[in-house]
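Notes follow once the structure below has been shown.
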Amino acid sequence: MTVVTRFAPSPTGFLHIGGARTALFNYLYARKHGGRFMLRIEDTDRTRSTEEAKRAIFNGLRWLGLEWDGEPVYQSTRADRHVDIAQALLSKGKAYRCYCSPEELAVMRQAARKRGSGRLYDGKWRDRDPSEAPRGVAPVIRFKAPLKGQTVVEDIVQGAVTVQNDQLDDMVLLRADGSPTYMLSVVVDDHDMAITHVVRGDDHLTNAIRQKQLYLAMGWELPAFAHIPLILGPDGAKMSKRHGALGIDAYRDRGFPPEAVCNYLARLGWSHGDDEIFSIEQASGWFEIGDIGKSPSRFDLVKLTSLSAHYLKEMDDTRLIEKVMPLIADRLGRALTGKQRDRLAAGLPGLKGRAKTLLELSEIALLYCRERPLEPDDNAIKLLDSEAKAKLALAREALAAVERWSENAAEAALRTAANDAGEKLGKIAQPLRVALTGGTVSPGIFEVLGVFGKTESISRIDDVLQ
RNA sequence: GACCCCAUCGUCUAGUCAGGUCAGGACGCCACCCUUUCAAGGUGAAAACACGGGUUCGAAUCCCGUUGGGGUCACCA
């Protein structure tokens with residue numbers, strides 16, 4: 001049997017971090033077993049569904065590298081089929097028409113709460129003769145759920161979950177306007193799409209109980225269920241906006257590489273022994289649903305950031321430059337000149353170990369893209385006293401004498417000069433740093449010298465000495 | 001409130017199913033080393049079996065309870 005999994009978001013907002021992880025787990029499991037990973041857009045709530053949200057889902061999944069198989073299925077296009085199934089249930093005697101008004105329902109609900117019962121609907125129309133139906137009232141169709149016994153879902157993550165059937169009431173399958181409800185649509189679609197493993201958030205666990213009853217009523221084969229614990233905010237409370245529960249695109253915009261996000265998400269709630277850093281390919285070789293933890297985990301931006309730093313360091317220089325250049329151009333407000341690109345190409349490899357995100361990298365890379373004359377920052381100006389300038393003059397002399405310029409040649413010249421003058425290298429390096437970069441913090445000074453080249457370096461020193 | 005589920009360092013977790021390890025790793029934190037600044041890197045330290053009862057020669061591991069946390073209770077999905 002081919003494994004078929006699916007990710008079934010409703011396009012009502014952004015693709016959030018929990019949804020992304022659900023998609024990832026589905027993807028991983030399908031890949032592990034050489035199966036198919038499907039995407040279904042649950043857009044039956046037309047008023048809340050938006051094109052924008054749909055795009056966010058597509059773009060988010062692609063950015064993460066979670067390409068789905070085949071065309072996305074739009075649930076809204078399948079309403080006729082869902083209605084057919086409701087009719088089939090009706091003729092099998094497994095569903096019935098209910099004519100209750102919203103007011104009646106509200107009273108029942110109140111009564112149920114008072115009794116502490118989960119049965120919000122009391123089954124008023126369950127066994128009534130259709131001839132008693134009031135005129136002019138459009139009925140809903142309700143599922144005739146079993147009254148006695150219990151329903152057990154064997155969940156791969158949660159184990160056996162048992163609910164007494166008297167806790168469950170008869171859910172609505174078709175609304176008064178004839179449109180199918182989610183509960184019906186999911187079951188029909190999962191069945192029609194031949195989904196073998198339903199892997200989704202824990203918030204659907206109790207739905208699975210009701211859905212199982214529907215499968216049984218239709219005589220359909222049950223998929224395997226796996227309900228993964230939700231992701232909580234850093235304080236252990238439900239993830240909310242104030243936690244920075246952002247769309248996946250926000251993490252992209254903050255400069256996290258997708259492989260870092262995937263790695264982090266995979267490791268959140270799932271583990272393969274002590275492995276911490278791994279690719280999506282490795283994970284798909286290891287992934288077992290049973291290895292997913294049972295308790296909810298907290299979202300930790302710091303750990304994601306450290307993973308991000310790791311992947312930045314590992315990233316291929318060519319790819320890195322492509323990603324960083326637009327960010328720098330943004331900051332500069334214009335495209336980079338040829339010279340700036342060259343400097344970037346030379347300087348980026350030395351820079352990438354110093355930043356945790358692409359955004360941060362583009363910030364520090366700015367140092368290679370500013371043109372002289374520089375405007376030193378406050379700390380830099382403070383440092384440039386007459387003594388510092390004297391050291392700088394010393395450095396200028398030594399550097400001007402270098403014939404074949406290179407990082408190493410510049411280093412040798414400066415070390416010799418410092419030694420001859422009986423100075424500590426730091427006394428010379430710091431003023432030099434200010435002259436070259438306009439700031440007091442930068443990569444190694446020889447590296448900077450190497451990137452700028454002889455002419456530019458000397459000119460920058462002269463700018464300060466004048 | 002009712003129902004369902006969960007519980008190992010601050011956080012993510014290994015170990016739990018098949019009881020026996022100084023309870024392991026990672027992030028973070030702290031210290032030290034390296035050092036021309038800041039990072040990075042290296043080395044090291046501190047840090048947990050929620051609590052209470054059982055069962056057992058022996059319990060993080062099995063059972064019960066307590067406490068705490070999460071989820072669900074729509075003609076939303």
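Quick note on labels: first sequence line is chain A, next is B, and so on, each numbered from 1. For clarity, every value in this text was computed on a predicted model and none was experimentally measured.
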message: So A/His204, base contact, sugar-phosphate only, or nothing? Heavy-atom distance under 4.0 Å.
response: base
query: Between A/His82 and A/Asp189, is any side-chain donor less than 3.5 angstrom from a side-chain acceptor?
result: yes
query: If we call it a pair only when both distances are under 3.5 Å in a Watson-Crick or G-U wobble match, what pairs with B/rC73?
result: B/rG1
Sugar-phosphate, base or nothing in reach of A/Asn207, heavy atoms under 4.0 Å: base
message: Using Watson-Crick or G-U wobble geometry with both distances under 3.5 Å, which nucleotide pairs with B/rU16?
response: none
query: Expressed in angstrom and rounded to an integer, what is the separation of A/Leu230 atom CG from B/rC12 atom P?
result: 14 Å
message: Applying a 4.0 Å non-hydrogen cut-off, can you work out what A/Thr162 is touching in the nucleic acid: base, sugar-phosphate, or nothing?
response: sugar-phosphate
- prompt: If you take atom types as modelled and just measure distance, does the side chain of A/Arg298 reach the base of B/rU11 with a donor-acceptor pair under 3.5 Å?
  reply: no
message: Taking donor-acceptor contacts at under 3.5 Å, does the side chain of A/Asp202 reach the base of B/rG70?
response: no
query: How is A/Thr440 classified with respect to the nucleic acid when contacts are heavy atoms under 4.0 Å: base, sugar-phosphate, or nothing?
result: base
- request: Take the protein atom CD of A/Glu154 and the nucleotide atom P of B/rC17, then report the distance between them rounded to whole Å.
  value: 19 Å
- prompt: Taking only N and O in the side chain of A/Ser271, is any of them less than 4.0 Å away from OP1 or OP2 of B/rA14?
  reply: yes
- prompt: Does the side chain of A/Thr44 get closer than 4.0 angstrom to OP1 or OP2 of B/rA77 through an N or O atom?
  reply: yes
query: OP1 or OP2 of B/rU13 less than 4.0 angstrom from a side-chain nitrogen or oxygen of A/Ser297, does that happen here?
result: yes
message: Expressed as a whole number of angstroms, how long is the span from A/Arg210:CZ to B/rC3:C1'?
response: 11 Å
message: Do the side chains of A/Lys303 and A/Glu276 get close enough for a salt bridge, i.e. N-O under 4.0 angstrom?
response: yes
Closest-nucleotide 5' rank along RNA chain B - winner of A/Leu205 and A/Lys427: A/Leu205
message: Work out how far the C1' atom of B/rC6 is from that of B/rU66, and round it to whole angstrom.
response: 15 Å
- request: Determine whether any donor atom in the side chain of A/Lys303 lies under 3.5 Å from an acceptor atom in the base of B/rA26, or the reverse, and answer yes or no.
  value: yes
- request: Evaluate side-chain contact (heavy atoms from CB on, under 4.5 Å) for A/Thr12 paired with A/Glu42, printing each intermediate quantity in order.
  value: CA-CA 9 Å; A/Thr12 53; A/Glu42 307 216 319; over 6 Å; no
query: Given atom CG of A/Asp235 and atom C1' of B/rU11, what is their separation to the nearest angstrom?
result: 12 Å
query: Do you see a donor-acceptor pair shorter than 3.5 Å between the side chains of A/Asp275 and A/Gln282?
result: no
- line: Any strand, both distances under 3.5 Å, Watson-Crick or G-U wobble: B/rU55 pairs with none
For B/rA50, the Watson-Crick or wobble partner whose two distances fall under 3.5 Å: B/rU66
task: For nucleotides B/rA59 and B/rA50, find the distance between their P atoms and express it as a whole number of Å.
output: 15 Å
statement: Sorted by chain and residue number, the side-chain hydrogen bond (donor to acceptor under 3.5 Å, both in side chains) partners of A/Arg109 (sequence neighbours excluded) come out as none
- prompt: Which part of the nucleic acid does A/Phe446 contact within heavy-atom distance under 4.0 Å: base, sugar-phosphate only, or nothing?
  reply: base
query: Would you say the side chains of A/Glu52 and A/Thr50 form a donor-acceptor pair under 3.5 Å?
result: no
- prompt: With both distances under 3.5 angstrom, what nucleotide forms a Watson-Crick or G-U wobble pair with B/rA40?
  reply: none
task: If B/rU21 has a Watson-Crick or G-U wobble mate with both distances under 3.5 Å, name it; if not, just say none.
output: none
- prompt: Atom OH of A/Tyr264 to atom C1' of B/rU13: distance rounded to whole Å?
  reply: 12 Å
query: Reckon A/Arg109 touches a base, only the sugar-phosphate, or nothing at all at heavy-atom distances under 4.0 Å?
result: sugar-phosphate
- request: Sticking with atom C1', work out how far B/rG15 lies from B/rC22, rounded to a whole angstrom.
  value: 15 Å
- prompt: Thinking salt bridges, do A/Asp169 and A/Arg142 make one under a 4.0 Å N-O criterion?
  reply: no
